[in-house]
Q: 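To start, I am sharing the structure in question, which I have written as structure tokens.
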Amino acid sequence: MTKIISVNAGSSSLKFQLFEMPSEEVLTSGIAERIGLEEGIFTIKYNGEKHTQNLPIKDHKVAVDLLLIALVEHKIVENLEEIKGAGHRIVQGGSYFDSSAVVDEDVVNKVEELSDLAPLHNPAHLIGYRAFKEALPQIGHVFVFDTAFHQTMTPESYLFPVPMEWYENYKVRRYGAHGTSHQYVSQRCAELMGKDVKNLKIITCHLGNGASITAVDGGKCINTSMGLTPLGGIMMGTRCGDIDPAIVPFVMKKTGMTPDEMDTALNKKSGMLGISGISSDARDIENAVAEGNERAILTQQLYVNRAINVIGGYYFQLGGCDAIVFTAGLGENDCNLRHQICEKLEKAMDLKMNYELNDKTRGKEVCVSADDSKVQVWVVPTNEELVIARDTYSLLGF
């Protein structure tokens, strides 16, 4: 048995799961939050117990040290030499990577080069990787790319209708994101249906604070909603998603905003937060809807509208579909949002919902469509960390 750690480093967080492979048993999981702030939070879960510390976490190196100390202190491992490999989530792999990769200097340089396409993510991932490399110099490392699953798109799906030189010189194209999640839930949905994913057409909806929708045909991505960066696609927690590009120079001229200020507005002040004026958290929006807040109601309606536009488009691009899958924070837990989306889709698809079942389903694998629905609707919790562990175990040759 081999211990593999899956790592997801964000700009101010570090999520992890330690697996026993190849049995895929989760030995522990947790998160370091508010990294770089005075009041950090470190949480580790194992054996059904949850331990939380509130303390300053200066940087990712401190977060990694906290994690490794906790593994030994709580006797999850007897010593750190039991850990044989680390897999790291990387948001942007560009066109360089159509699968996961064992890390070497060239791979690191390419990920660094692509930081302009994921400025909130790739630099943080590399910080996490370097912290683990320094703490555990003896182990192998694997990068698992969010964009890899989407590399099967053909030019009519990944190219933008802009001057071709932008693609040829600067690789401006659709890359997508959440690929590891879309890959996992499409395969898992096929298993739950008792069918081979190669024989299915599936639309996967990864709806969280960051969100994307993907058309999967025969286990391969043929289109996805996110674009060059994670800013594109459907409406998100604080990101605008697709908009008329002329809005950008128009508002900059009106307000005198700089490019950096506009980037901040579109990435951090738009989406649910921008429309509602309340919060980027769908739970807060839901509470405000219940109180009759008009902007919260509009926010939910706008989100549903954006989602059904994409799902409907993919339905026709696929030539119909066998299943729609909801995953991630909203997709798994926001019953009302799923209800509204599917209610709109029923009018155009061979889809019939079991709304009673849908409206009480949170965070578990359940088919929420009616038994006689030609298009099945599933809730499938994502497990990106498991995909990372599987690829790491395989590529390091254990």
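Numbering of residues begins at 1 and proceeds along the displayed sequence. Computed from heavy atoms alone, side chains included, the values below leave out hydrogens, waters and symmetry copies.
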Q: Let me check something: do Leu357 and Val377 share a hydrophobic cluster, defined by ILVMFWY side-chain heavy atoms less than 4.5 Å apart, either directly or through other members?
A: yes
Q: Check Tyr315 against Asp350 and note the closest heavy-atom contact, atom names and distance.
A: OH-N, 4.1 Å
Q: Are Ile275 and Leu298 close enough that some pair of their side-chain heavy atoms sits under 4.5 Å apart?
A: yes
Q: Taking the side chain as every heavy atom from C-beta outward, state whether Thr43 and Thr52 have any pair of such atoms under 4.5 Å apart.
A: yes
Q: Working to the nearest 0.5 angstrom, can you tell me the gap between Ile4 CD1 and Leu27 CG?
A: 11.0 Å
Q: Does Ser115 reach the main-chain N or O of Glu112 with its side chain, forming a donor-acceptor pair under 3.5 Å?
A: yes
Q: Sub-3.5 Å donor-acceptor pair from the side chain of Ser369 to the main-chain atoms of Gln376, do we have one?
A: no
Q: For Glu286 and Gln300: C-alpha separation, side-chain torsions, deciding distance, then whether side chain to side chain contact (heavy atoms under 4.5 Å, CB included) applies.
A: CA-CA 8 Å; Glu286 182 71 19; Gln300 205 167 69; 2.8 Å; yes
Q: Can you confirm if the NZ or CZ of Lys171 lies within 45° of the ring axis of Tyr167 and under 6.0 Å from the centre of its six-membered ring?
A: yes
Q: Is the ring centre of Tyr355 less than 6.0 Å from the ring centre of His339?
A: yes
Q: Could you tell me whether Lys133 and Glu105 have a side-chain N and a carboxylate O separated by less than 4.0 Å?
A: no
Q: Give a yes or no answer on whether the side chain of Ser29 reaches the backbone of Phe16 with a donor-acceptor pair at less than 3.5 Å.
A: no
Q: Do Glu156 and Thr154 have a side chain donor and acceptor closer than 3.5 Å?
A: yes
Q: So Ser13 and Arg34, do their side chains get closer than 4.5 Å, heavy atoms only?
A: no
Q: Taking only Lys NZ, Arg NE, NH1 and NH2, and the carboxylate oxygens of Asp or Glu, determine whether Asp334 and Arg338 approach each other closer than 4.0 Å.
A: no
Q: Between Ser95 and Gln151, is there a side-chain heavy-atom distance shorter than 4.5 Å?
A: yes
Q: Answer yes or no: is there a side-chain heavy-atom contact under 4.5 Å between Lys84 and Lys3?
A: no
Q: Taking it one step at a time, do Ile341 and Lys344 satisfy side chain to side chain contact (heavy atoms under 4.5 Å, CB included)?
A: CA-CA 5 Å; Ile341 290 172; Lys344 298 282 189 181; over 6 Å; no
Q: Distance from Leu136 atom CG to Leu68 atom CG, nearest 0.5 Å?
A: 5.0 Å
Q: Does the side chain to side chain contact (heavy atoms under 4.5 Å, CB included) test come out yes or no for Val185 and His206, once each step is laid out?
A: CA-CA 9 Å; Val185 298; His206 180 107; over 6 Å; no
Q: In terms of side-chain heavy atoms, does Asn8 have a donor or acceptor partner in Glu384 at a distance below 3.5 Å?
A: no
Q: Hey, are Thr255 and Glu261 close enough side-chain-wise for a donor-acceptor pair under 3.5 Å?
A: no
Q: Determine, for Lys201 against Asp322, whether the closest basic-nitrogen to carboxylate-oxygen distance falls under 4.0 angstrom.
A: no
Q: So if you build clusters from Ile, Leu, Val, Met, Phe, Trp, Tyr with side-chain heavy-atom gaps below 4.5 Å, do Val91 and Val107 land together?
A: no
Q: So, are Lys110 and Glu113 salt-bridged, with charged N and O less than 4.0 Å apart?
A: no
Q: So, taking the atom named OG1 in Thr327 and the one named CG in Asn333, what distance separates them when rounded to the nearest 0.5 Å?
A: 9.5 Å
Q: Using modelled atom types and a 3.5 Å cut-off, is there a donor and acceptor pairing between side-chain atoms of Asp284 and backbone atoms of Ser280?
A: no
Q: Does the side chain of His74 come within less than 4.5 Å of Asn47's, by heavy atoms?
A: no
Q: Do Phe149 and Ile222 share a hydrophobic cluster (ILVMFWY, side-chain heavy atoms under 4.5 Å, transitive)?
A: no
Q: Enter the distance from Glu343:CD to Met353:CE here, rounded to the nearest 0.5 Å.
A: 9.5 Å
Q: If a pair satisfies side-chain hydrogen bond (donor to acceptor under 3.5 Å, both in side chains) and one of its residues is in residues 224-244, list it, with sequence neighbours excluded.
A: Thr214-Thr224
Q: Can you tell if the side chain of Phe19 reaches within under 4.5 Å of the side chain of Thr392, non-hydrogen atoms only?
A: no
Q: Between Asn383 and Glu385, does a side chain to side chain contact (heavy atoms under 4.5 Å, CB included) hold up when you go through it step by step?
A: CA-CA 5 Å; Asn383 197 337; Glu385 289 80 10; 3.9 Å; yes
Q: Is any side-chain heavy atom of His182 closer than 4.5 Å to one of Cys221?
A: no
Q: Just say parallel, tilted or perpendicular for the rings of His125 and His121, cut-offs at 30° and 60°.
A: tilted
Q: OG/Ser6 to NZ/Lys15 distance, rounded to the nearest 0.5 angstrom?
A: 12.0 Å
Q: Tell me which pairs pass side-chain hydrogen bond (donor to acceptor under 3.5 Å, both in side chains) where either residue lies in residues 137-149, with sequence neighbours left out.
A: His88-His141, Arg89-Asp146
Q: Taking only Lys NZ, Arg NE, NH1 and NH2, and the carboxylate oxygens of Asp or Glu, determine whether Asp59 and Lys61 approach each other closer than 4.0 Å.
A: no
Q: Check the hydrophobic clustering (I, L, V, M, F, W, Y; side-chain heavy atoms under 4.5 Å; chains of links allowed) and say if Tyr314 and Tyr175 are grouped together.
A: no
Q: Can you tell me if Ser186 uses its side chain to pair, donor with acceptor, with the backbone of Gln183 under 3.5 Å?
A: yes
Q: Can you tell me how far apart CD1 (Ile234) and CG (Asn309) are? Round to the nearest 0.5 Å.
A: 10.5 Å
Q: Indicate, with yes or no, if Leu126 and Phe132 share a hydrophobic cluster defined by side-chain heavy-atom contacts under 4.5 Å among Ile, Leu, Val, Met, Phe, Trp and Tyr.
A: no
